[in-house]
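See below for the structure under consideration.
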Number of protein chains: 2
Amino acid sequence: MLKSRANIKDVARRAGVHPSTVSRVLNPATRSMVSEALAKKILRIAEELGYRRNPLASGLRTRRTYTVGVVIPDITNPVFPPIVRAVEHALDEKGYIAILADSGSKRRSEKALIENMKARQVDGLILAAANRKDHLVDSCIDEGIPVVLVNRSVEQHSVSAVINDDELGIDLAFQHLIDLGHREIAYIGGPQRASTGYTRYRAFLRSAKQAGVNIDRELVINAREFTESAGQAAFQEIARTGKNLSAVLTANDLLALGVFDALDDLDMKCPRDISVTGFNDMPYVDRFVPPLTTVHISLEELGVQAARLLLEKIENPDAPSKQLRLEPRLIVRGSTATLNAAQAKSGNRVA
Amino acid sequence: MLKSRANIKDVARRAGVHPSTVSRVLNPATRSMVSEALAKKILRIAEELGYRRNPLASGLRTRRTYTVGVVIPDITNPVFPPIVRAVEHALDEKGYIAILADSGSKRRSEKALIENMKARQVDGLILAAANRKDHLVDSCIDEGIPVVLVNRSVEQHSVSAVINDDELGIDLAFQHLIDLGHREIAYIGGPQRASTGYTRYRAFLRSAKQAGVNIDRELVINAREFTESAGQAAFQEIARTGKNLSAVLTANDLLALGVFDALDDLDMKCPRDISVTGFNDMPYVDRFVPPLTTVHISLEELGVQAARLLLEKIENPDAPSKQLRLEPRLIVRGSTATLNAAQAKSGNRVA
DNA sequence: GTATTCTATGCAAACGATTGCATAACGCTA
DNA sequence: TAGCGTTATGCAATCGTTTGCATAGAATAC
């Protein structure tokens with residue numbers, strides 16, 4: 001990195017003023033402290049020299065770096081790119097940059113990532129992988145670092161978050177299956193340490209109860225991770241019970257894809273033999289075999305609102321934390337179908 | 001951001017030494033300048049206090065921020081997340097962070113993004129959206145900023161890049177179609193300002209010439225962008241010619257998806273009526289209707305090597321630039337089929 | 001014991017930008 | 001013109017870290 005860029009001293013030298021005057025002119029909040037004629041002259045010279053403030057330097061002094069750490073569990077999970085893009089664009093509009101960290105599945109690594117970001121004096125953090133009980137989130141709050149969670153919440157309610165109405169989403173999917181005539185419904189959920197996994201599971205049980213449908217607990221499995229392979233394994237486990245079922249409601253789209261894979265292995269067809277629903281409406285699920293019926297959440301809105309909440313928190317640290325709950329909707333595609341006569345008579349003994 | 005973190009002065013005070021001594025101990029390259037006993041004491045205290053170096057401060061002094069700018073055109077294009085993840089992981093292993101910028105389709109915005117990164121003294125840039133003639137790349141090189149291009153190259157050969165052997169990839173796809181008996185082959189390419197668009201187009205023409213196949217130039221269209229909608233529009237334009245064809249070779253997977261959409265609109269089936277090939281093997285193409293035959297490139301390897309090349313360039317700025325060319329391979333799935341008798345007889349007059 | 005050489009540590013300045021305080025300059029009034 | 005009040009600008013220190021130079025202290029040789 002060559003020293004080829006103009007700095008404040010260069011501008012000051014050419015304008016024949018002190019660097020502090022240049023600084024005051026370049027900051028709109030202090031510009032009125034300088035005479036208008038001189039301010040104009042300084043602004044012109046700064047532009048001629050292509051001067052750009054160095055946020056490293058100013059951040060050292062002001063403790064504001066215009067930097068936000070964005071920690072996600074897996075950028076290749078199609079749910080996250082739209083979120084990240086929306087976050088990055090919203091931050092950029094306000095002069096902030098996003099430092100991206102993909103934590104993978106290792107929590108220890110995430111601790112290091114966050115420490116790294118703290119050392120760099122990030123102005124705040126957007127976290128997409130918090131656990132319901134999350135020491136990392138706790139410690140950031142304790143240190144006064146603004147934090148916003150995306151699509152997750154923690155049990156400590158003083159943390160800002162943008163989430164979806166998971167209860168409504170699961171209920172929409174459940175009612176859809178009921179309306180199609182399904183009664184023997186399996187559930188494949190996600191890890192219970194995540195609020196989405198926990199809330200969607202409880203919502204499933206409640207929807208069933210409210211619909212007066214008796215759920216066979218052997219048909220309810222919470223997978224270790226929200227992945228295709230975990231979904232596949234969970235369905236295989238359900239298949240081994242030999243129980244009757246005609247539909248599977250899953251806690252996210254990747255789990256549903258895993259169910260598709262398992263059905264392929266068993267020479268079964270969705271939705272002919274088993275109807276399947278997902279959650280998230282991640283990109284491209286409309287192109288799958290079959291196109292996935294799923295609960296749509298607005299990924300972009302998640303990102304935009306997360307960035308907005310965080311910027312507010314940065315500007316006004318003492319303001320109370322907010323939870324924004326977005327409303328999902330059901331998108332019916334080809335993975336769910338009316339319970340047919342053959343299914344109703346013998347069920348689908350998947351063994 | 002509260003001032004709650006230990007700094008070098010805190011460590012020095014507790015150790016009873018000067019801050020410069022602490023600095024020397026904490027840098028492995030200068031540790032031997034301090035006595036072993038004192039070094040051990042300082043390291044222990046630094047750990048007790050949870051000290052972390054602040055790269056903003058050290059970067060100001062040393063002009064090394066351990067920060068890399070990563071500029072991509074669209075994080076929601078499934079080709080990029082695996083690349084970004086690989087980049088981010090490789091950088092993280094060496095103590096660098098990735099500043100992510102998603103430029104969208106606006107070149108002006110990209111100029112601002114890069115200027116923003118320069119102001120923050122990034123140690124280098126990884127660019128995934130360079131044009132063949134690219135003033136932004138030129139200016140970075142002129143300023144001595146290390147740059148590595150991903151999946152793109154520029155005509156100025158002194159720029160480091162990780163690319164794929166596009167000629168081989170296109171030839172593999174072309175030969176595959178020839179082997180299946182296709183002779184009336186359309187081509188939908190990408191923007192010619194991108195090296196991938198240009199090189200794949202020329203490779204298509206050359207493969208046809210070498211195979212002794214006469215290509216109808218009305219069946220060759222280079223789209224404005226590498227998007228589904230551009231691919232769809234391009235195929236619609238080809239359909240309007242009323243020319244016979246039995247296969248479409250596209251320059252990337254998104255264009256191929258656009259062709260799928262256009263075929264749906266025309267009540268035609270792939271591969272029954274038209275075989276289609278893509279390029280990149282982006283995630284999930286194996287789940288589409290039909291599963292896409294495509295040229296596989298290793299996205300993760302692109303990212304890993306880009307990060308590696310850049311780190312080398314940062315460490316050794318005067319070393320000659322390198323181009324790394326990765327070998328693609330064909331993945332045959334369900335979007336291509338043998339030319340059938342009915343097709344061969346009447347061709348597919350798509351009008 | 002004294003002089004010389006080597007080693008370990010401290011000092012001060014640098015990096016780029018900001019800001020509280022001091023004061024020079026300007027404007028107004030008697 | 002002198003005195004007072006206000007405004008505009010400069011000064012110096014800060015932020016956290018690094019590093020060339022100076023020198024105190026230790027070790028060695030005579």
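Values in this document were obtained by computation on a predicted structure and should not be read as measured data.
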Taking only residues two or more places apart in sequence, or in another chain, which ones meet [X] in a side-chain hydrogen bond (donor to acceptor under 3.5 Å, both in side chains)?
X: B:K313; answer: B:S321
X: B:K322; answer: B:E312
X: B:S160; answer: none

Test salt bridge (charged side-chain N to carboxylate O under 4.0 Å, His left out) applied to [X] - qualifying residues, sequence neighbours left out:
X: B:R13; value: B:D10
X: B:E36; value: B:K40
X: A:E301; value: none
X: A:D74; value: B:R85

(request) Mind jotting down which residue pairs meet the salt bridge (charged side-chain N to carboxylate O under 4.0 Å, His left out) criterion with at least one end in residues 44-60 of chain B? Sequence neighbours excluded, please. (result) B:R14-B:E48, B:R44-B:E48
(message) I'd like to check A:R193 versus A:R132 (side-chain heavy atoms, cut-off strictly below 4.5 Å). Are they in contact?
(response)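 A:R193 vs A:R132: side chains apart.
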In this structure, how many angstroms lie between the [atom2] atom of [N] and the [atom1] atom of [X], rounded?
X: B:L56; N: D:dT14; atom1: CG; atom2: P; result: 20 Å
X: B:N7; N: D:dC15; atom1: CG; atom2: P; result: 9 Å
X: A:L49; N: C:dG16; atom1: CG; atom2: C1'; result: 15 Å
X: B:D10; N: D:dG16; atom1: CG; atom2: P; result: 8 Å
X: B:R120; N: C:dA17; atom1: CZ; atom2: P; result: 13 Å

(message) Report for the helix from C:dG1-D:dC30 to C:dA30-D:dT1: angle between first-end and last-end helix axes, five pairs each, rounded to 10 degrees.
(response) 60°
(request) Answer with base, sugar-phosphate or nothing: what part of the nucleic acid does B:R64 contact at a heavy-atom distance below 4.0 Å? (result) nothing
(request) May I ask you to list the residues of residues 12-48 of chain A, by number, that have any heavy atom positioned under 4.0 Å from an atom of DNA chain C? (result)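 Result for residues 12-48 of chain A: A:S20, A:S23, A:R24, sorted by number.
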(request) First locate atom CE of B:M117, then atom CD1 of A:I97, and finally report the distance between them rounded to the nearest 0.5 Å. (result) 7.0 Å
Scan the side chains in residues 19-27 of chain A for donor-acceptor partners under 3.5 Å anywhere in the protein, sequence neighbours excluded, and list what turns up.
{"from": "A:S20", "atom 1": "OG", "to": "A:H18", "atom 2": "ND1", "distance (Å)": "3.0"}
{"from": "A:N27", "atom 1": "OD1", "to": "A:A29", "atom 2": "N", "distance (Å)": "3.0"}

Under 4.0 angstrom between [X] side-chain N/O and [N] OP1 or OP2:
X: B:R61; N: C:dG16; answer: no
X: A:N54; N: C:dA17; answer: no
X: A:R63; N: D:dG16; answer: yes
X: A:Y51; N: C:dG16; answer: no

Grab the N/O contacts between the protein and nucleotides 25-27 of chain D below 3.5 Å, and write none if there aren't any.
none

